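Because the structure is predicted, anything quoted here is derived from the model rather than measured. Below, read A as the first sequence line, B as the second, and so on, with proteins coming before strands; counting in each chain starts at 1.
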There are 2 protein chains.
Amino acid sequence: MTVEPINSRREELLRIAAGLFAQKGFKNTTVRDIADASGILSGSLYHHFDSKESMVDEILKTFQEELFGQYDEILAAADLDPLAKLERAVLVSFEAIDKHRDEVAIFQNEAAYLLTFDRFAYLAERNRQSREVWLTLLQNGIDAGVLRDDLDLELTYRFIRDTVWVAVSWYRPGGRRTHTEIAKQYLSILLEGIHHA
Amino acid sequence: MTVEPINSRREELLRIAAGLFAQKGFKNTTVRDIADASGILSGSLYHHFDSKESMVDEILKTFQEELFGQYDEILAAADLDPLAKLERAVLVSFEAIDKHRDEVAIFQNEAAYLLTFDRFAYLAERNRQSREVWLTLLQNGIDAGVLRDDLDLELTYRFIRDTVWVAVSWYRPGGRRTHTEIAKQYLSILLEGIHHA
DNA sequence: GTCTATACCTAGATAGAC
DNA sequence: GTCTATCTAGGTATAGAC
C-alpha cells in the first residue's frame with residue numbers, strides 16, 4: 001500500500017524538466033520540450049507552475065538545502081580530524097553528483113546565466129557559502145600541519161572545487177567505476193600527486 | 001605605418017561576437033546583440049557572415065588550429081623528457097586561456113550544444129585528439145617511471161583536462177597571479193599533492 | 001558596408017472549454 | 001488536470017535602397 005504524496009505529479013514534472021535543463025541547458029529547453037517529455041501540452045504546465053523560471057528555481061533550492069546541510073554537518077562533526085573532514089566533503093560531493101546529477105549539472109552550467117535575474121541572487125550566496133566551507137577545511141588542515149602551507153589557498157580551493165564538480169560533465173551511474181571509487185582516486189591525486197614517490 | 005589587413009573589419013566583428021558568446025553563451029547571444037556591440041544593425045552583419053553559426057564556427061576553427069599545432073610540437077620535441085612535456089602541455093594550455101579566453105570559454109561551454117549540428121562534428125574529433133595527447137603524455141611518464149602507475153589512466157586524464165580548462169571560468173588577465181604562476185601552482189598540486197610531505 | 005523594412009518562425013504565457 | 005486556441009515578444013534571416 002503506497003501513500004501517494006499530494007505533490008507527486010508536480011515532482012514528476014520537475015524531475016523531467018531537470019533532466020532536460022541538465023542535458024540541453026535552461027535557455028535551450030522550451031516549455032514545449034518539457035510538456036512533450038511529460039506527455040501533455042505546453043499550456044497544461046502552467047496549471048502546475050508559474051513559469052519556466054519557477055521550475056528551475058524549485059529544482060535548485062531543494063537540492064542546495066540538502067547539500068549544504070551535509071557540509072554543515074561535516075564542519076560541526078567533533079569526531080573527525082581536519083584531513084578526515086576534507087575527505088568526507090569530497091566524498092559527499094561525489095555522492096551528490098551520483099544522486100543528483102541533473103541538479104548539479106544545472107547549477108554548474110546555468111548559475112552564471114540565472115544570476116542575471118534578481119530572483120536567483122541567492123545562488124551567489126550559495127557560492128560564497130561553498131567557498132567558506134572549502135577554505136575552512138583547507139585552513140584547518142594547514143593549521144594542524146597535515147596540509148602543505150606553501151600553496152596559494154585561493155588557488156587550491158578553486159582547484160578542488162573545480163575538479164570535484166566538473167566530474168558531473170562525464171560521470172554516469174553504472175559506469176566502469178562507482179562514484180566512491182572516483183572520489184577516492186581524486187583524493188589520492190589531490191593529496192599525494194601523480195608524481196612517482 | 002600600419003598595413004591594414006583586407007579582412008580587419010571581419011576579424012573585428014568576430015572578436016566582438018566571441019566576447020559575447022563567451023560571456024552569455026551562443027544561444028543566448030542574439031545577432032542584434034552582436035550588431036549593437038559593433039555599432040551597426042543586425043541586417044548588416046549578414047553582409048559579412050552567412051549566419052550566427054558561421055561566426056562561431058570560424059572562431060573555433062581558427063583557435064583550435066593554433067592550439068593543436070602547439071600540442072603536436074610538444075609531442076614531437078626530441079629535447080624534452082616525458083615530465084617536461086607534460087609540464088609544457090599544461091603551460092601552453094594556460095597560455096591559451098590567457099591569450100584566447102573567449103575561444104576557450106566558447107569551446108568549453110558550447111561544444112556539447114554545437115555538437116548537435118552536423119557542421120560542428122569536427123569538435124568531437126578535436127576532443128578525441130585532445131584525449132590522445134594527454135593519454136600519450138601520461139603513458140610516456142609512467143613508462144619512464146616518473147609518474148605513478150597505480151592510478152586509473154582515464155580518470156587521471158580527465159582530472160588534468162578538467163582542472164586546466166575549467167580555470168577559464170574564473171581566470172582574468174591582470175589579476176593577482178599571472179597565467180604562468182597559476183600553471184605552476186596547478187602543476188605543483190598535480191604532481192606533488194597538497195598533503196604535507 | 002550599412003540601413004530600412006519586413007518575412008517568417010518559435011518562444012513563453014494566458015483564457016476558457018472540457 | 002489537460003486541451004484548444006491564441007496573443008505577443010523577440011529571434012534569424014532576407015531584399016533592395018542608399
Tested for side-chain contact (heavy atoms from CB on, under 4.5 Å) against Q139(A), the lone hit among D143(A), T136(A), L135(A) is D143(A)

Going by ring pair (Phe, Tyr, Trp, His ring centres under 6.0 Å), name the pairs with one or both residues in residues 25-47 of chain B, residues two or more places apart or in two chains.
F21(B)-F26(B)

Out of curiosity, Q185(B) CD to R158(A) CZ, how far, rounded to the nearest 0.5 Å?
12.0 Å

Between dG1(C) atom C1' and H48(B) atom NE2, what is the distance in whole Å?
6 Å

Closer than 4.0 Å, any side-chain N/O of H47(A) to the OP1 or OP2 of dT2(D)?
no

Whole-Å gap separating C1' (dT4(D)) and CG (L45(A)):
15 Å

Could you list the residues that satisfy side-chain contact (heavy atoms from CB on, under 4.5 Å) with S130(A), not counting sequence neighbours?
F68(A), W134(A)

Does F94(A) have its ring centroid less than 6.0 Å away from the ring centroid of Y171(A)?
no

Roughly, in whole Å, what's the span from CE in M55(A) to C1' in dA11(C)?
16 Å

Measure CD1/I34(A) against P/dG12(C) and give the value in whole Å, please.
8 Å

By the definition side-chain contact (heavy atoms from CB on, under 4.5 Å), identify the one residue from D102(B), L67(B), N127(B) that meets it with F107(B).
N127(B)

Identify each atom pair where a protein N or O and an N or O of nucleotides 11-18 of chain D are less than 3.5 Å apart, giving names and distance.
from: dG11(D); atom 1: N7; to: R32(B); atom 2: NH2; distance (Å): 2.6
from: dT12(D); atom 1: OP1; to: K52(B); atom 2: NZ; distance (Å): 3.1
from: dT12(D); atom 1: OP2; to: V31(B); atom 2: N; distance (Å): 2.8
from: dA13(D); atom 1: OP2; to: Y46(B); atom 2: OH; distance (Å): 2.9
from: dA13(D); atom 1: OP2; to: K52(B); atom 2: N; distance (Å): 3.2

I need the CG-C1' distance between D57(A) and dG12(C), as an integer number of Å.
17 Å

Can you tell me the distance, in whole Å, between the CG atom of L41(B) and the P atom of dG10(D)?
17 Å

To the nearest Å, give me how far apart CG (D36(A)) and P (dT2(D)) are.
14 Å

Phosphate OP1/OP2 of dG1(D) contacted by R10(A) side-chain N/O (<4.0 Å)
no

Between C1' of dT2(C) and CG of L13(B), the distance in whole Å:
12 Å

